[in-house]
Protein chains: 2
Amino acid sequence: MKYLRLELRYPPALIHPIHRLVDESDAVERDVLLHGSLFDETADTFLFYVEGDVDVYADALRSVDRIREFEITRIDETGFYVFLTQRRDAVDEAMFGSLRRTGVVVVPPIDFRPDGVARLTVLGEQGPLREALAGLPDRIESEILRVGEYDWRQHLFDPGLTERQFDALAAAVDCGYYESPRTASVEEVAERIDAAPSTASEHLRKAESAMMTAFMELRDVA
Amino acid sequence: MKYLRLELRYPPALIHPIHRLVDESDAVERDVLLHGSLFDETADTFLFYVEGDVDVYADALRSVDRIREFEITRIDETGFYVFLTQRRDAVDEAMFGSLRRTGVVVVPPIDFRPDGVARLTVLGEQGPLREALAGLPDRIESEILRVGEYDWRQHLFDPGLTERQFDALAAAVDCGYYESPRTASVEEVAERIDAAPSTASEHLRKAESAMMTAFMELRDVA
DNA sequence: GCTCGGGCGTGAAGTACCTCCGCCTCGAAC
DNA sequence: GTTCGAGGCGGAGGTACTTCACGCCCGAGC
């Protein structure tokens, strides 16, 4: 199973009005589609993460006919979420027709950038992926940014524990060493992984070290 | 915007035949819905990650009427991906009817576990979430595993720490409490977050508890 | 073959940490 | 307004944990 990181370039006529905001207005800096789901046969529900001016964005939403209803939730000074329900149109159908087929899946987030560019990831086998790409509307240019083997486990949080460290951690969690208050001692963990208490303790501390530093790094990046 | 980590318990009659495999057969250990999308008005496409016996799983898929077509990709000895297209049925519609409304979004992965249990995450404001929960079919029990503010930037791995717990953890990592061996004591952490050593210690242990259990849960799901 | 580094393993000694208790604050729910 | 629960805070006491020094094994590299 491969993944494709794609860049789609919409011609000016096909750019979604909201997407156009990102391009033309300085008020909206980032527009990311986080999740989408079927609402009914003619419309879809989306969750966007946006950075920029809430009022400008809301005005834009109100001015677009296809958008039935929306709801905005602020996060902090710059960021907010937008829920919206949108009627499907011809462009969507053309896109869906190609990307919605057995063997191909679009993975959020979809990143809408200036100049009518959207970046997204698609999963599937080479054949179906090629077909899906070929089936895109002619006027939409596509460029492949990256290709690779897809392993969804790689997207998860990995602190890089050794096998024994993981064993110790698993045993510790399992037997209640990490309850609060603890319901198991290092000694019990040691028994479970068949090692001396001091050994188990070292594994646990190394595991903790790796976990916590990896976690803080993750938060810095995010 | 909140997120709910939910556990749904399907009564035996409503358990999906494939989900039943996880319960009854030793041949399939894990069944995780990674992505789903609309195929057409009556069916959906899904990507599953499965650990277990490919042949048993394939046979099961063939024996289920609702499943139109499928495609399997091996990863390694135990794991494989499954693409499939499935006709929607009454249970799906009932679920969708409640979960597919403005203001609520279901976020993959959905983890199918033994005993007809499925775990998933739902996003939205309190009101819509409550309504969605209330609107679930009566025969499906639901339990809320965790609640929190949703931030997609953190969504990848969220142990659900409180603010002070996070403060303590950040200070601890920063000043070397989680080095191996430790280069800072609880007391130093306490000073940094301006609290008594015992308070700092409690925060750290609670944080550790949350981190480790969340991590093991992630690995179970993953 | 030798060396070097990293991971794993262990016992002993000392203290740093965990637990428990009581109290306070805050927000949600009714 | 009131109740309830969860989170936060801190003091005192005892023990469970960390640390250290040392040794083994394995794989990589010259």
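To find a chain, count down the sequence lines: A is the first, B the second, and so on, and within it residues start at 1.
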Indicate the atoms forming the closest heavy-atom contact of B/Ala168 with B/Val189, along with that distance.
O-CG1, 3.8 Å

With a sphere of 6.0 Å drawn around CD of A/Glu143, does it hold more than 12 non-hydrogen atoms of other residues, nucleotides or ligands?
yes

Go along nucleotides 24-30 of chain C 5' to 3' and tag each nucleotide: B for a protein heavy atom under 4.0 Å from its base, S when only backbone or sugar atoms are that close, - otherwise.
-----S-

So what is the end-to-end bend of the helix from C/dG1-D/dC30 to C/dC30-D/dG1, with 5 pairs used at each end and the value given to 10 degrees?
70°

Measure the shortest side-chain to side-chain distance between A/Phe215 and B/Phe166 over non-hydrogen atoms and say whether it is less than 4.5 angstrom.
yes

Donor-acceptor under 3.5 Å (A/His19 side chain, A/Arg113 main chain):
yes

DNA chain D contacts made by residues 180-199 of chain B, counting heavy atoms under 4.0 Å:
B/Pro181, B/Arg182, B/Ala195, B/Ala196, B/Ser198, B/Thr199

Would you jot down, in residue-number order, the residues of residues 200-214 of chain B having a non-hydrogen atom under 4.0 Å from DNA chain D?
B/His203

Just do the salt bridge (charged side-chain N to carboxylate O under 4.0 Å, His left out) check on A/Arg66 and A/Asp92 with the steps written out, would you?
CA-CA 12 Å; A/Arg66 298 172 52 194; A/Asp92 295 338; 2.4 Å; yes

One thing to verify: whether B/Asp167 and B/Arg164 come together as a salt bridge, which I'm taking to mean a side-chain N less than 4.0 angstrom from a carboxylate O.
yes

So, B/Asp23 and B/Arg20, do they make that salt bridge, N to O below 4.0 Å?
no

Does any N or O in the side chain of B/Ser209 come within less than 3.5 Å of the main-chain N or O of A/Glu179, such that one atom is a donor and the other an acceptor?
no

Are the side chain of B/Asp89 and the backbone of B/Val91 linked by a donor-acceptor contact shorter than 3.5 Å?
yes

List in chain and number order the residues that pass ring-ring contact (aromatic ring centres under 6.0 Å, His included) with A/Phe48, two or more places apart in sequence or in another chain; answer none if no residue qualifies.
none

What's the separation between atom CG in B/Leu34 and atom CG in B/Leu47, rounded to the nearest 0.5 Å?
4.5 Å

Does B/Glu7 offer a backbone N or O that forms a donor-acceptor pair with the side chain of B/Arg119 under 3.5 Å?
no

Residues of residues 161-174 of chain A with any non-hydrogen atom less than 4.0 angstrom from an atom of DNA chain D: list those, numerically ordered, please.
none

Rounded to whole Å, the CD-P distance (A/Glu179 to C/dC20) equals 13 Å

In plain terms, say whether B/Asp44 and B/Arg88 are close enough for a salt bridge, that is, a side-chain N and a carboxylate O under 4.0 Å apart.
yes

Main-chain N/O of A/Val22 paired to A/Ser25 side chain as donor or acceptor, under 3.5 Å:
no

Of B/Phe112, B/Phe80, B/Tyr81, the one forming a side chain to side chain contact (heavy atoms under 4.5 Å, CB included) with B/Val50 is B/Phe80

